[in-house]
There are 2 protein chains.
Amino acid sequence: MVQPSTVGKPSTGGRRRPGRLPLTRDRIFRAAYIFVDDHGLRALSMRKLAAELGVEAMSLYNHIDNKDDILAGIGDLVFAEIDIPKRASESWAPWTRRVAHAAREALSDHTNVVPIILAGPNRGTAYLHLMESMLGVMRDAGFDANMAHRGWHTLVAHVLGYVLQQTATPILVSASPGRSPAPTRSIALADLPGDDFPHIVEIAPLLAECRTIDEFDFGLDMILSGLQSKLDNGPGR
Amino acid sequence: MVQPSTVGKPSTGGRRRPGRLPLTRDRIFRAAYIFVDDHGLRALSMRKLAAELGVEAMSLYNHIDNKDDILAGIGDLVFAEIDIPKRASESWAPWTRRVAHAAREALSDHTNVVPIILAGPNRGTAYLHLMESMLGVMRDAGFDANMAHRGWHTLVAHVLGYVLQQTATPILVSASPGRSPAPTRSIALADLPGDDFPHIVEIAPLLAECRTIDEFDFGLDMILSGLQSKLDNGPGR
DNA sequence: ACCTGAACACCGTTCAAGT
DNA sequence: ACCTGAACACCGTTCAAGT
């Protein structure tokens, strides 16, 4: 990797630019990943990303196809942060629980990137390995292919759905449905008219403090024990 | 609403423009909704939307704040398509099942709009009314506020997660993880290397044909019966 | 009151030209 | 082989000017 003919100036690799590493797909992806984490998805532009790398925007096109290519790369970096636990002697359910929590955690740590994952098909290697592992553990536990497939879908739906609600549920909400003046953005859910929305008002304090882990576990437990009982109650459909 | 002083020319409302209705927030939202359904979210621009309405882009700003304002309007139009069933004599579970299916159907019919709903907090009136109804039915059935809150979260997570996978699961996928030439986009999941992804390859045919309703019901049933048993097994936490 | 021409500060992407 | 200046066809949004 290090060019052996290069002498002196130990910190820089050659004569490209003072102290600049060469561009690679990987370096572009990582820079974009950090940029989105820090500034949000909408702020990401080819020009600003290039500036972050000390380069002009057009240089990026020597390594990537287009912006979508970069977005796909960023998306898979989130899945790469989920480390898939080794299967100890534990049963499929606790193992799956740990994976589900690891996924929830990784996605929650990078909410700015989540919209990318949701926008289109994920075909990155990290995603595929995660999927493969989950299916394998279920198959080994005795689920048939059909059941493993459905269980996987249900679990993914739960994780994605939960992470979504961390951002998609309005804690602050406008009380006036029509055209609204500027300050309305910060009226709390609890301030909705109690006549129209009594039950929303009732649970408003719960919503405000609900992004906890046992919120997540509440649904996860139902899914895992539901799957377990299908496993126990018979091999048939 | 109809200006009484206007005479003749029954189809046009006045002298604004030949045959042009006046702009309103509602007309802008509906036009944008249809445009996104037809051409996708990324194709939506202020200029093209204005053209669709027979108007210049800047005119839109007389009625809406900015593009995000329009997006929020579009998002709530999807929820407005969910008609909330009247509560007959049925129990909370079948009623909730019907609402969940109605929501799944509305979202599935407007997949281009779904990313808007997922991108940020929903505070539209249609969304709030849906939420209020679901909470109310659960409370009436005997769930306490805490349980209703959690149940609502779990159900929403399931619906959103399911709809997501209709778009986010790769049916077609690249078999070569690194830089890939153009035609790779259309290599099927089933063509993944079987050594690395045996279980994905195994369920690939299931994935290809799985966007069925009983896929959805599989998880929904587990959630509903899980909630029912919590309701039966005691009022406490 | 509502619409618009012109303008501003941006975009993603291409391509011929540089080294 | 890799980088870039200049250019193209777009963006969202503002503002003063029109009716």
Side-chain angles (χ1 to χ4, degrees), chain A residues 1 3 5-6 12-29 31-32 35-36 39-74 115-116 119-120 178-179 182, chain B residues 1-3 5-6 12-29 31-32 35-36 39-74 115-116 119-120 178-179 181-182:
Chain A
M1 310 304 175
Q3 212 165 337
S5 64
T6 306
T12 67
R15 65 191 173 292
R16 298 176 170 283
R17 272 292 180 87
R20 284 270 161 250
L21 299 170
L23 277 184
T24 60
R25 280 176 72 78
D26 206 70
R27 239 162 66 74
I28 292 172
F29 290 156
F35 187 95
V36 170
H39 305 100
L41 189 53
R42 301 169 77 140
L44 179 70
S45 78
M46 302 300 277
R47 284 161 161 94
K48 281 189 276 190
L49 175 58
E52 207 84 10
L53 288 158
V55 127
E56 298 300 319
M58 324 79 173
S59 308
L60 300 174
Y61 289 89
N62 286 304
H63 303 89
I64 53 99
D65 294 338
N66 47 41
K67 196 179 181 182
D68 282 341
D69 192 10
I70 296 183
L71 295 182
I74 297 176
I116 299 174
R179 195 69 186 294
Chain B
M1 310 303 177
V2 173
Q3 210 166 339
S5 63
T6 304
T12 69
R15 65 189 175 292
R16 301 174 167 283
R17 272 291 181 89
R20 285 268 161 251
L21 299 169
L23 277 185
T24 60
R25 279 176 72 79
D26 206 70
R27 239 162 66 75
I28 292 171
F29 290 156
F35 188 94
V36 170
H39 305 101
L41 189 53
R42 301 171 76 140
L44 180 71
S45 79
M46 302 299 278
R47 286 163 161 93
K48 283 188 276 191
L49 175 58
E52 207 84 10
L53 288 158
V55 127
E56 299 300 318
M58 323 79 174
S59 308
L60 300 174
Y61 289 88
N62 285 306
H63 302 89
I64 53 97
D65 293 339
N66 48 40
K67 196 179 180 182
D68 281 342
D69 192 11
I70 295 183
L71 294 182
I74 297 176
I116 299 174
R179 194 71 186 296

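Source: prediction; values computed, not measured. In what follows, every chain begins at residue 1, and chains take the letters A, B, ... in the order their sequences are listed.
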Open item on the list: Quick check on side-chain contact (heavy atoms from CB on, under 4.5 Å): which of A:V36, A:N66, A:L44 does A:L71 satisfy it with?
Closed with: A:L44
TODO: Would you mind checking if A:R25 and A:D65 are paired as a salt bridge, meaning a charged N to carboxylate O distance below 4.0 Å?
DONE: no
Task: Closest heavy-atom pair and its distance - A:H63, A:T24 - done: CD2-CA, 4.3 Å
Open item on the list: From CG of B:L60 over to C1' of C:dT4, roughly how many Å is that when rounded to an integer?
Closed with: 12 Å
TODO: Could you tell me whether the phosphate oxygens of C:dC3, OP1 or OP2, come under 4.0 Å of any side-chain nitrogen or oxygen in B:H63?
DONE: yes
- [ ] Specify the closest pair of heavy atoms between B:I70 and B:A32, including all atoms of both residues, with the distance to one decimal.
- [x] CG2-CB, 3.7 Å
Open item on the list: Using 0.5 Å steps for rounding, measure from the CZ atom of B:F29 to the CD1 atom of B:I74.
Closed with: 8.5 Å
Open item on the list: Applying side-chain contact (heavy atoms from CB on, under 4.5 Å) to A:R27 and A:L53, what does each step give before you reach the verdict?
Closed with: CA-CA 9 Å; A:R27 239 162 66 74; A:L53 288 158; 4.1 Å; yes
Open item on the list: For the CD1 atom of B:I28 and the CG atom of B:L60, what is their distance to the nearest 0.5 Å?
Closed with: 5.0 Å
Task: Contiguous Watson-Crick or G-U pair runs (3 or more, under 3.5 Å) in DNA chain C - done: C:4-8 with D:12-16, C:12-16 with D:4-8
Task: Value rounded to 0.5 Å, distance of CE in A:M58 from CZ in A:R47 - done: 7.0 Å
TODO: Determine, for nucleotides 7-19 of chain D in 5'-to-3' order, which nucleotides have protein heavy atoms under 4.0 Å from the base (write B), from only the sugar-phosphate (write S), or from neither (write -).
DONE: B---BBBB-----
- [ ] Establish, with yes or no, whether the OP1 or OP2 oxygen of C:dT4 is under 4.0 angstrom from a side-chain nitrogen or oxygen of B:S59.
- [x] yes
Open item on the list: Rounding to an integer number of Å, can you tell me how far A:E56 CD sits from D:dT4 P?
Closed with: 5 Å
